[in-house]
Novice: 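Sending over a structure as structure tokens; questions will come in a sec.
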Protein chains: 2
Amino acid sequence: MSPHEPRSSCPLAYALDVFGDRWTLLIVRDMLFRGLQRFSEFAASPEGIASNILTDRLKRLEDLGLVARRPDPEDGRRVLYHLTERGLRLGPAMIEILRWGLEMDPDTQLPARFRSMLGGDTTALLAELAKKHRALADGNTPEEADG
Amino acid sequence: MSPHEPRSSCPLAYALDVFGDRWTLLIVRDMLFRGLQRFSEFAASPEGIASNILTDRLKRLEDLGLVARRPDPEDGRRVLYHLTERGLRLGPAMIEILRWGLEMDPDTQLPARFRSMLGGDTTALLAELAKKHRALADGNTPEEADG
DNA sequence: CAACTCGCTTGCACTTTGCAAGTCGAGTTC
DNA sequence: GAACTCGACTTGCAAAGTGCAAGCGAGTTG
């Protein structure tokens, strides 16, 4: 699932070469919507990703410049991951995919606050998420609010 | 890659269970943006999908109520596929993924007309695409314009 | 009616996925 | 400072998915 060369010149095909699998956007979700940064946090998400797959996906996201890593100043064993500016550009697509999933499957759930934000202005929502994410990436850790 | 039960209650995870692979959204693209309807047309797209994979994906889309099929009145061997109303709801996510791919990889290309439409009002673009698609699904075949 | 087309199906080799155990460097504990 | 724990992986392997290429039944063509 990691082609060396593009299948076509279509931007949609390019995007699917990047994240057309079941896990990549879940990792991006956890970074963007939930503010998670650590390998063990991603591994602990409810979907239960395998550690070799998580390693693989994080590496590919880093290689593509969508994610960056830095050592955890509090514990040298740990690495902190965050979305780069390029990675933050996934926001609009993430929001629309989320909306679609909510509309298609009423059994799916989101925290009420996030759900109400989805019904509002997308640009404002994304600006807020990006701001919080940049603060995390800078090492400021505001009180976490689950996405 | 076709789980019987959801991995979690997250709508994004649900969406990725539906189309988190490299081919499904390309098929939806061909229906929505290019007006394609026939198996051989999907198979002939530049990415070169394998026929067993195409069959599999069309069946799953149909089973999920996103795509419907009808016999081709002109040739009893053929089937015509189209997006249902549920399937048309993928439009916003498709548009945002396309925008992201264009932004991330300048080597990707779109027809100039489509590209300029992407820069405009999303709601108007989607309404127009949906209208044309519904006409196709009703068996009216206006002169095709490549997406 | 023979030859061809269309939408699949099939067998099989290859690739990816995911489980579970293990590794190794960093950090902690006593 | 030895022993242990933690964290981010790596590894072997079985299962599942992918994709190639050939083939089949129904329908079309001349």
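In this text the structure is predicted, and so the values were computed from the model without any measurement. Lettering of chains follows the sequences in order, A, B, ..., and the numbering in each one begins at 1.
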Novice: A quick test of your reading: do over 12 heavy atoms of other residues, nucleotides or ligands sit less than 6.0 Å from CZ of B:Arg89?
Specialist: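 At most 12 heavy atoms, drawn from other residues, nucleotides or ligands, come within 6.0 Å of this atom.
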
Novice: Using a cut-off of strictly less than 4.0 Å, decide whether B:Arg57 has a side-chain nitrogen or oxygen near OP1 or OP2 of D:dT18.
Specialist: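 Checking D:dT18 against B:Arg57, a side-chain N or O does come within under 4.0 Å of OP1 or OP2.
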
Novice: Between A:Phe114 and A:Phe33 (judged by ring centroids, cut-off 6.0 Å), do the two rings come close enough to count as a pair?
Specialist: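 Ring-ring flag for A:Phe114/A:Phe33: true, centres closer than 6.0 Å.
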
Novice: When you measure only distances, ignoring hydrogens and angles, does the side chain of A:Asn52 come within 3.5 Å of the base of C:dG18 through a donor and an acceptor?
Specialist: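 In this structure, the two groups form a donor-acceptor pair.
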
Novice: Kindly state whether the ring of B:Phe19 and the ring of A:Trp100 have centres lying under 6.0 angstrom apart.
Specialist: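 They qualify: ring centres under 6.0 Å apart.
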
Novice: On the nucleotide D:dG7, are OP1 or OP2 found under 4.0 Å from the side-chain N or O atoms that A:Arg69 carries?
Specialist: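 Checking D:dG7 against A:Arg69, no side-chain N or O comes under 4.0 Å of OP1 or OP2.
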
Novice: Nearest whole Å is fine: how far is C:dT15 P from A:Asp21 CG?
Specialist: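 The distance from CG of A:Asp21 to P of C:dT15 comes to 18 Å, rounded to the nearest Å.
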
Novice: Take the protein atom CG of B:Asp72 and the nucleotide atom P of D:dT28, then report the distance between them rounded to whole Å.
Specialist: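 So the CG-P distance, B:Asp72 to D:dT28, works out to 9 Å.
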
Novice: Over how many whole Å does the gap from A:Lys59 atom NZ to D:dT10 atom P extend?
Specialist: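 That distance rounds to 9 Å.
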
Novice: In this structure, how many angstroms lie between the P atom of D:dA8 and the CG atom of A:Asp56, rounded?
Specialist: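 Those two atoms, CG and P, are 17 Å apart.
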
Novice: Whole angstroms only, please: what is the CD1-C1' distance between B:Ile27 and C:dG7?
Specialist: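 Those two atoms, CD1 and C1', are 14 Å apart.
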
Novice: Let me spell it out: for each of B:Arg77 and B:Thr55, pick the nucleotide of DNA chain C with the closest heavy atom. Which residue's pick is nearer the 5' end?
Specialist: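 By nearest-heavy-atom nucleotide position, the 5'-most residue is B:Arg77.
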
Novice: Given C:dC8, is OP1 or OP2 found less than 4.0 Å from the side-chain N or O atoms of B:Tyr81?
Specialist: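 B:Tyr81 to C:dC8 OP1/OP2: side-chain N or O found under 4.0 Å.
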
Novice: When the distance from CD1 of B:Ile49 to P of D:dC20 is rounded to whole Å, what number comes out?
Specialist: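 Going from CD1 in B:Ile49 over to P in D:dC20 covers 10 Å.
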
Novice: Tell me whether the OP1 or OP2 atom of D:dT18 has a side-chain N or O from B:Trp23 closer than 4.0 Å.
Specialist: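 Result: no.
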
Novice: Using the side-chain heavy atoms of B:Asp75, tell me which of these nucleotides is nearest: C:dG27, D:dT28, C:dG7.
Specialist: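 Nearest to the side chain of B:Asp75 among the choices is D:dT28.
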
Novice: Report the nucleotide, chosen from C:dG18, C:dC6, C:dA26, that has the shortest atom-to-atom distance to any side-chain atom of A:Ala50.
Specialist: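 That would be C:dG18.
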
Novice: Do A:Leu36 and A:Ser45 make a side-chain contact, defined as non-hydrogen atoms from C-beta onward lying under 4.5 Å apart?
Specialist: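 A:Leu36 reaches A:Ser45 side chain to side chain.
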
Novice: Check the distance between D:dA16's C1' and B:Arg60's CZ and give it to me in whole angstrom.
Specialist: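 It works out to 13 Å between those atoms.
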
Novice: Would you tell me if any nitrogen or oxygen in the side chain of A:Arg22 comes within less than 4.0 Å of OP1 or OP2 on C:dG18?
Specialist: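 Yes, A:Arg22 has a side-chain N/O under 4.0 Å of OP1/OP2 on C:dG18.
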
Novice: Tell me, yes or no, whether the heavy-atom count around A:Arg86 atom CZ, taken from other residues, nucleotides or ligands under 6.0 Å, exceeds 12.
Specialist: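 It does: A:Arg86 CZ has more than 12 such atoms within range.
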
Novice: Mapping B:Val79 and A:Ser51 to their closest nucleotides on DNA chain C, which lands nearer the 5' end?
Specialist: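 With B:Val79 and A:Ser51 compared, the 5'-side residue is B:Val79.
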
Novice: Rounded to whole Å, how long is the line connecting atom CZ of B:Phe39 with atom C1' of C:dT5?
Specialist: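 About 13 Å, once rounded to whole Å.
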
